[in-house]
Amino acid sequence: MENNEFHTVRGYQLLEQKKRILTSAMEDYLEMIYRNSIDEGYIRMSTLAELLHVKAASASRMVQRLGELGFLIYKKYGIIVLSEDGKAIGEYLLKRHRIIENFLRLISCEDNLLQQTELMEHDLTPNTVCRINIMNSFFTDNIEIYEHFLEYQTTRPLTVSTCDYV
Ligand code: ZN
């Protein structure tokens, strides 16, 4: 197993263990911290609050809580560094986000893409995320079939009332 893959597996195992304590908001924080500290190894509290569109005080409260849970270390001068557990979860959360976003793009849902991804991601099980990922790969590995799908899509009405039940 590649190191990267090992991390992700550890990430969702941890997430499964902690799902009773980790709220959707906490997941958003961990994902955002991970996403923005990959290069430099840290993120500043002020940057985090800005990216999440929250007040500094709420960001600070949440960061403190995540620190108590052992997902990050809050250092001097507003510097936040993820712990190994925090990194593993963050990596899985970012992958999950990208898989859902990719899926929505593939089925041509481009409106409020970010918001819709955020709404969908939190409640899916790792198994469901993996299955969606397989479908994404199937489409990208079989471009002709995907093009066929896109063409088919244009022939179907875009109203729920006319959708057939399967
Ligand atoms: Zn997300």
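Both ligands and their constituent atoms are indexed starting at 1 by order of listing. Positions are given from 1, in the same order as the sequence printed here.
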### Task
Please step through side-chain contact (heavy atoms from CB on, under 4.5 Å) for the pair Lys75 and Ile80, ending with a clear verdict.
CA-CA 6 Å; Lys75 301 192 172 186; Ile80 300 160; over 6 Å; no
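Applying the side-chain hydrogen bond (donor to acceptor under 3.5 Å, both in side chains) criterion to Glu121, with sequence neighbours excluded, gives His97.
The Zn ion (ligand 1) has Glu31 OE1, Glu31 OE2, His97 ND1, Glu118 OE2, Glu121 OE1, Glu121 OE2 as its protein N, O or S neighbours under 2.8 Å.
With salt bridges taken as basic N to acidic carboxylate O contacts below 4.0 Å, none links Lys87 and Glu91.
Taking CZ of Arg65 as the reference point, atom CG of Leu72 lies at 11.5 Å (rounded to 0.5 Å). Note that the CE atom of Met135 and the CG atom of Leu106 stand 6.5 Å from one another [nearest 0.5 Å]. With rounding to the nearest 0.5 angstrom, the CG atom of Leu22 is 7.0 Å from the CG atom of Leu69.
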